[in-house]
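Below you'll find the structure, written out as structure tokens, and then a few comments.
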Amino acid sequence: MTYVINQTGFQPDSVKNFFISQAESRYFQICNFIGKIPVLERRLLHLKCSELSGESDLYFGDFSDFTDEGIFYIRCAFKESEPFKIEKHIYEDLYKASVKFYYFQRSSVPLEEKYAAEWKRDAGHPDDNLILHHSTGKQGLWSAPGGWYDAGDYGKYTVTAGITVQTLLTFHDMFPLRKDPCLNIPESGNGLPDLLNEIRFELEWLMKMQDADGGVFFKTGSLNWSGHVEPSADNLDRYVIGKSTSSTLSFAAAAAKASSVYRMYDPDFSSGLLNAAEKSWQWAAENPDVPYPDECGGTGLYADDNYKEKFTAAAIELLTVSDKSIYAEYIKDTICFEDITEPVSWKHPELLSYFTLVSQSCYPEKGIIRKLRNLLLGYADRMVKISQKSSYKIPMLKSDFIWGSNSIILNKGVMLCLAHFLTGDKKYLDCASAVLNYILGFNPCGISYVTGFGMKSSEKLHYRPYLSGKYKIMPPGFLAGGPNIGKEDNLKYNSGFPMCSYLDSADSFASNECAVNWNSALVFVTGYLHFYSENNKE
């Protein structure tokens, strides 16, 4: 008889569920860990089967209405669960670790022991003499040091950097007066919140990826995949590759958003970001359909030729910070009101920008604002309905369990948080809470998909510093990709069911890699639940 539950714990007002197999009683008790005294008794619900996980004869327990703080355990017949906490600040450490993840992704600089502890390492990939790839139409060398490695490899991509920055800054805007915890990074204590310190490290790299004409190069990396070596041991030639409409507009949206946020901290930096964003807009307007570079020998493609959404995102973020009529007119002439069918992602940055427009009221066309608000809420409503039919109370369909499925569910969580922020309706907050329960162990694999959190967590990510043998264990706060029915790594998985197609193996790049844009959704949902509770808005 095994308990499946969120292994990190719960906030007092959050959704609290668990599964147990082979229950010897139809009732369960919540017991106080100190004193071993039952404080609640509820009936179990019998679920015969789960289509997405293949499980049968599961017993579902719900104690969401139990709001006491403390340490507790579940008792069913004579079987007891591991103890768990219910406390207001339960996600604070998870939030800090999920942001500190980005420090461990820094390139071109050493990670010093006083900041990185046992995960210290030498600098790698100075990237100050990058070869201009033929796809750039140029010859010679280019300098673009810094920034974050995108994933478990050593490529750096402006498209995923753009959506990561935009996601993190959107979260920052929702709680601008929060007291951000110290992350113990080199910039800590400089007067800027550490989240913004870390984002600035990436922004400074992004600005180096902009050409003099305003266009933005797509990516940096080698033409062959590096071996399983730490950054300082990777000696492959590195290139700056391509220029595209999507990379340029992704940069424009992120830089404009950043200009708005950093204005109160560093006006000169903010002004530079805005100028760069406007140059990118102009380049994209003159080059509206330049495709992504097809070079993928040692870097990912991030293939996308749907530019309209990225023009929309850039126009909205530029309007917010500059108030120029050109962007307002573009929005009015081109905005689309089709139902949202996918959550925010690097392909759909416009969804965050819809929220920017709706929440900041900087746009005079109230009819457009109303329609965009209804689109965001309509999508969130559909996610709530899907979760109500799910055994694990999550807004996921079979088709969602693909590469990076954990980012898909967390980005749905982002959309739910946006809806809650706009309405205050607790159904959205509860659904976002259920999303985090799933990530932290309430799933058929019985594993927390965040390194270092939970009694049984992902431990062997496809992450080159770990693969090199440099680290004995992974740093905490890394989100694993999650179940993937595609299984593109061709390894032998334990199950073929969508929710169980996961392998905690460093060789499983298809289910167990990390990525900067995936972690940004974890930061967002975790941070939203933590700081909303902190501010006592209920």
Side-chain angles (χ1 to χ4, degrees), residues 52 159 162-163 166-167 170 174 246 249-250 253 303-317 319-320 327-328 330-363 365-390 393-432 434-435 498 517 520-521 524-525 528:
L52 297 182
V159 169
I163 190 57
Q166 195 179 349
T167 301
T170 300
M174 299 169 97
S246 59
L249 288 169
S250 295
D304 183 31
D305 56 5
N306 197 342
Y307 310 115
K308 187 177 184 300
E309 289 92 342
K310 295 175 181 63
F311 270 107
T312 299
I316 291 174
E317 302 299 347
L319 172 66
T320 304
Y327 307 121
Y330 179 88
I331 295 166
K332 184 177 180 179
D333 292 342
T334 64
I335 197 80
C336 178
F337 299 114
E338 294 180 2
D339 281 346
I340 299 169
T341 58
E342 298 178 21
V344 60
S345 68
W346 59 271
K347 290 186 176 182
H348 292 289
E350 79 282 2
L351 302 181
L352 290 176
S353 299
Y354 287 175
F355 175 77
T356 296
L357 205 61
V358 170
S359 62
Q360 297 192 12
S361 302
C362 62
Y363 187 60
E365 298 287 342
K366 300 305 179 186
I368 289 178
I369 295 292
R370 184 174 60 254
K371 289 178 180 178
L372 292 180
R373 187 178 191 274
N374 289 340
L375 285 177
L376 292 171
L377 298 183
Y379 180 80
D381 285 338
R382 291 192 294 277
M383 294 306 100
V384 171
K385 288 181 180 179
I386 292 171
S387 69
Q388 291 170 344
K389 297 177 181 179
S390 163
K393 306 305 177 187
I394 56 173
M396 294 285 276
L397 301 172
K398 180 178 180 180
S399 57
D400 292 322
F401 289 96
I402 56 175
W403 195 306
S405 67
N406 282 343
S407 76
I408 293 174
I409 187 173
L410 281 165
N411 275 313
K412 291 185 177 189
V414 169
M415 302 292 287
L416 290 159
C417 291
L418 299 181
H420 180 259
F421 189 90
L422 292 174
T423 66
D425 193 327
K426 195 172 185 293
K427 69 181 181 182
Y428 302 125
L429 193 69
D430 285 346
C431 198
V435 163
N517 52 315
S520 68
F524 195 114
V525 176
Y528 189 89

Quick one: pull up [atom1] in [X] and [atom2] in [Y] and give me the separation to the nearest 0.5 Å.
X: Thr170; Y: Ile163; atom1: OG1; atom2: CD1; result: 7.5 Å
X: Leu418; Y: Arg373; atom1: CG; atom2: CZ; result: 12.0 Å
X: Phe337; Y: Lys371; atom1: CZ; atom2: NZ; result: 5.0 Å
X: Met383; Y: Ile409; atom1: CE; atom2: CD1; result: 11.0 Å
X: Leu422; Y: Cys417; atom1: CG; atom2: SG; result: 11.0 Å
X: Thr341; Y: Tyr379; atom1: OG1; atom2: OH; result: 8.0 Å

Distance-only criterion, 3.5 Å: show the donor-acceptor pairs between side-chain atoms of residues 342-355 and protein atoms not counting sequence neighbours.
unit_1: Glu342; atom_1: OE1; unit_2: His348; atom_2: NE2; d: 3.4
unit_1: Ser345; atom_1: OG; unit_2: Lys347; atom_2: N; d: 3.2
unit_1: Ser345; atom_1: OG; unit_2: His348; atom_2: N; d: 3.4
unit_1: His348; atom_1: ND1; unit_2: Glu350; atom_2: OE2; d: 3.1
unit_1: Ser353; atom_1: OG; unit_2: Gln166; atom_2: NE2; d: 2.9
unit_1: Ser353; atom_1: OG; unit_2: Ala313; atom_2: O; d: 3.4
unit_1: Ser353; atom_1: OG; unit_2: Glu317; atom_2: OE2; d: 2.9

4.5 Å side-chain heavy-atom contact, [X] and [Y]:
X: Arg382; Y: Asp339; answer: yes
X: Val358; Y: Arg370; answer: no
X: Thr312; Y: Ile331; answer: no
X: Ile394; Y: Lys412; answer: no
X: Tyr428; Y: Asp381; answer: yes

(message) Assess the residue pair Val159 and Asn517 against the criterion (side chain to side chain contact (heavy atoms under 4.5 Å, CB included)); give the C-alpha distance rounded to whole Å, side-chain angles, the decisive distance to 0.1 Å, and a yes or no.
(response) CA-CA 10 Å; Val159 169; Asn517 52 315; over 6 Å; no
Grab the two heavy atoms, one from [X] and one from [Y], that are nearest each other, plus how far apart they are.
X: Thr320; Y: Gln360; answer: CG2-OE1, 2.9 Å
X: Phe524; Y: Thr167; answer: CD1-O, 3.5 Å
X: Leu416; Y: Ala380; answer: CD2-O, 3.8 Å
X: Leu410; Y: Val525; answer: O-CG2, 3.4 Å
X: Ser387; Y: Val384; answer: OG-O, 2.6 Å

(request) Check whether any side-chain N or O of Asp400 sits under 3.5 Å from a backbone N or O of Met396 as a donor-acceptor pair, and report yes or no. (result) no
(request) Could you tell me whether Lys308 atom NZ has more than 12 heavy atoms of other residues or ligands within 6.0 Å of it? (result) yes
(message) Does Lys332 have more than 12 heavy atoms from other residues, nucleotides or ligands lying within 6.0 Å of its NZ?
(response) no
(request) Could you tell me which residues satisfy salt bridge (Lys or Arg N to Asp or Glu O under 4.0 Å) with Lys398, sequence neighbours excluded, listed by chain and number? (result) none
(request) Could you tell me how the ring of Tyr528 sits relative to the ring of Phe421: parallel (under 30°), tilted (30 to 60°) or perpendicular (over 60°)? (result) perpendicular
(message) Check Asp430 with Lys393, please: is the shortest side-chain N to carboxylate O separation under 4.0 Å?
(response) no
